[in-house]
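Some notes on the structure that comes next.
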Amino acid sequence: MLSRGAHYAKGPAKLADEEIQAHLKNLPHWEIDNGMLQRRFTLPSFPATMFFACAVAHVAEVGQHHPDLNISYTNIAVRFVTHAVGGITVKDFEMAQKVDELWNTFDWKPS
């Protein structure tokens, strides 16, 4: 088993600001907040919010790249950053895309 440092030593590199801005064009609902790639979601109820948070956790576990989640009743903020490189990487954008795909599969979200 690799240590965390060894695992990320071969991982993606930190993106430059210009690269981040280019990637953001493909994810219009995401923004940079405090050096993290972030999207906020509003759900119709607390159970729906928790269900979505658990679904995001599953996607993150499968992808082996875990976001910070900030949950408040019917709101959730999903934030990605690659801590090992101290910034945003391609992996963060890949996971953001997966979260968007997840969001688009649910029909209980508000219109």
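Bear in mind that the values here come from a model prediction, so they are computed numbers and not experimental data. The residues of the chain are indexed from 1 along the displayed sequence.
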Find the distance between [atom1] ([X]) and [atom2] ([Y]) and round it off to the nearest 0.5 Å.
X	Y	atom1	atom2	value
W30	M36	CH2	CE	10.5 Å
M50	I71	CE	CD1	4.5 Å
Y73	T42	OH	OG1	12.5 Å

TODO: Apply side chain to side chain donor-acceptor pair (under 3.5 Å) to E94 and list each qualifying residue two or more places apart in sequence or on a separate chain.
DONE: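 Checked E94 against side chain to side chain donor-acceptor pair (under 3.5 Å); zero matches.
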
TODO: Flag the pair I76 / N70 as yes when at least one side-chain heavy-atom distance between them is below 4.5 Å, and no otherwise.
DONE: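 Not touching, per the 4.5 Å side-chain cut-off.
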
Open item on the list: Tell me which pairs pass side-chain hydrogen bond (donor to acceptor under 3.5 Å, both in side chains) where either residue lies in residues 46-57, with sequence neighbours left out.
Closed with: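 Sorted result for residues 46-57: empty, none.
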
Open item on the list: D100: which residues meet the salt bridge (charged side-chain N to carboxylate O under 4.0 Å, His left out) condition with it, sequence neighbours left out?
Closed with: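 For D100 the salt bridge (charged side-chain N to carboxylate O under 4.0 Å, His left out) partners, ignoring immediate neighbours, are R39.
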
TODO: Write out all pairs satisfying salt bridge (Lys or Arg N to Asp or Glu O under 4.0 Å) with one or both partners inside residues 61-89, taking only residues at least two apart or from two chains.
DONE: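 Sorted result for residues 61-89: empty, none.
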
Task: All side-chain contact (heavy atoms from CB on, under 4.5 Å) counterparts of V56, not counting sequence neighbours - done: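 Only F52, P67, L69, V78, V99, L102 meet the side-chain contact (heavy atoms from CB on, under 4.5 Å) criterion with V56.
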
Open item on the list: Could you check whether N75 and S72, counting side-chain N and O atoms only, form a donor-acceptor pair closer than 3.5 Å?
Closed with: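 Looking only at side-chain atoms, N75 and S72 do not form any donor-acceptor pair under 3.5 Å.
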
Determine all donor-acceptor pairs shorter than 3.5 Å in which one atom belongs to a side chain in residues 16-24; sequence neighbours excluded.
| residue | atom | partner | partner atom | Å |
| --- | --- | --- | --- | --- |
| E19 | OE1 | A16 | N | 2.7 |

TODO: Could you pull out all residues at least two apart from F51 that satisfy ring pair (Phe, Tyr, Trp, His ring centres under 6.0 Å)?
DONE: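 Listed in chain order: F106.
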
